[in-house]
Chemist: 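Structure in structure tokens, see below.
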Amino acid sequence: MNCLACTRALDNTARLCPTCTRGLDVRLADLPRQYLLLGLAENLQRRRSGDRGPVAVVRDAPMPLSEAALTLRAEGGIVTVLEEWRAAMQDARGWGPPAIGGPCARRVRDAARGLRMSLEWIAAEWDAAGDLSHEVRDLAARCRAVTDPADPEQQSRLLGHCVVVWEDGTACGADVRLPHGAPIAQCRRCQTTYPSATWLALRTGQPEPTDTAGTGVAA
Ligand SMILES: [Zn+2]
Ligand SMILES: [Zn+2]
């Protein structure tokens, strides 16, 4: 069985590998905070001059991002994605639909918390765990693109590890990252380039890196 999120081979019957499980947990835990930060981003855009105060935590964002913030905070955005996944999870477990209500910020918090409380089951048994992981990862990335545009994670995506083999037989193994919007990825250490046709192979079927440069492929 392979991890449904990163396709890495697993030696058990789980649906998600430990790295993807942890990533999902961290993102779910952070989304309520992102929701609040997006509200600050909106306010910041409205009051572009003078008093920055606590909203300075949201780094200077270009103007169109306020629209992204608005979209993410509206019905159909964060709250809807999380509530739909929580309802689908409860349904899959044979539970009734979750109670929904209150201000949007609380609904986001409740939905994220409900999913996290079932994380163990999701990672171990749920066939939709991969889709959930991907959607939450995309959602978190869209949030961070507004709330933290200088985040290096936003500027490059980890595709896998370099497969170049040195003369002594060890693999390069360094991170291969795709710069935001770029068509070709590159190894950070040996500068080998990886066009899109090789990305899938980078994520799957490659040996574990032989040094400690790797940090896992489930970015
Ligand atoms: Zn995984
Ligand atoms: Zn390399």
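Start at 1 and go down the list; that is how both ligands and their atoms are numbered. For clarity, every value in this text was computed on a predicted model and none was experimentally measured.
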Chemist: Pick out which of Asp25, Asp110, Asp30 makes a salt bridge (charged side-chain N to carboxylate O under 4.0 Å, His left out) with Arg116.
Modeler: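 For Arg116, the salt bridge (charged side-chain N to carboxylate O under 4.0 Å, His left out) check succeeds only for Asp25.
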Chemist: What's the SG-the Zn ion (ligand 2)-SG angle here (Cys162, Cys190), rounded to 10 degrees?
Modeler: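 Nearest ten degrees: 110°.
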Chemist: The Zn ion (ligand 1) as vertex, arms to SG of Cys3 and SG of Cys20: angle to 10°?
Modeler: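 That angle is 110°.
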Chemist: Could you grab the angle centred on the Zn ion (ligand 1), going from SG in Cys17 to SG in Cys6, to 10°?
Modeler: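 Here the angle at the metal atom is close to 110°, to 10°.
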Chemist: Begin with the C-alpha distance, continue with both residues' side-chain angles, and end with the deciding distance and a verdict on side-chain hydrogen bond (donor to acceptor under 3.5 Å, both in side chains) for Thr193 and Gln186.
Modeler: CA-CA 4 Å; Thr193 55; Gln186 191 167 38; over 6 Å; no
Chemist: When Val146 is tested against each of Leu38, Leu37, Thr71 for side-chain contact (heavy atoms from CB on, under 4.5 Å), which residue passes?
Modeler: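 Only match with Val146 under side-chain contact (heavy atoms from CB on, under 4.5 Å): Leu38.
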Chemist: Leu115 and side-chain contact (heavy atoms from CB on, under 4.5 Å): which single residue from Leu31, Leu82, Leu24, Val136 fits?
Modeler: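 The passing option is Leu82.
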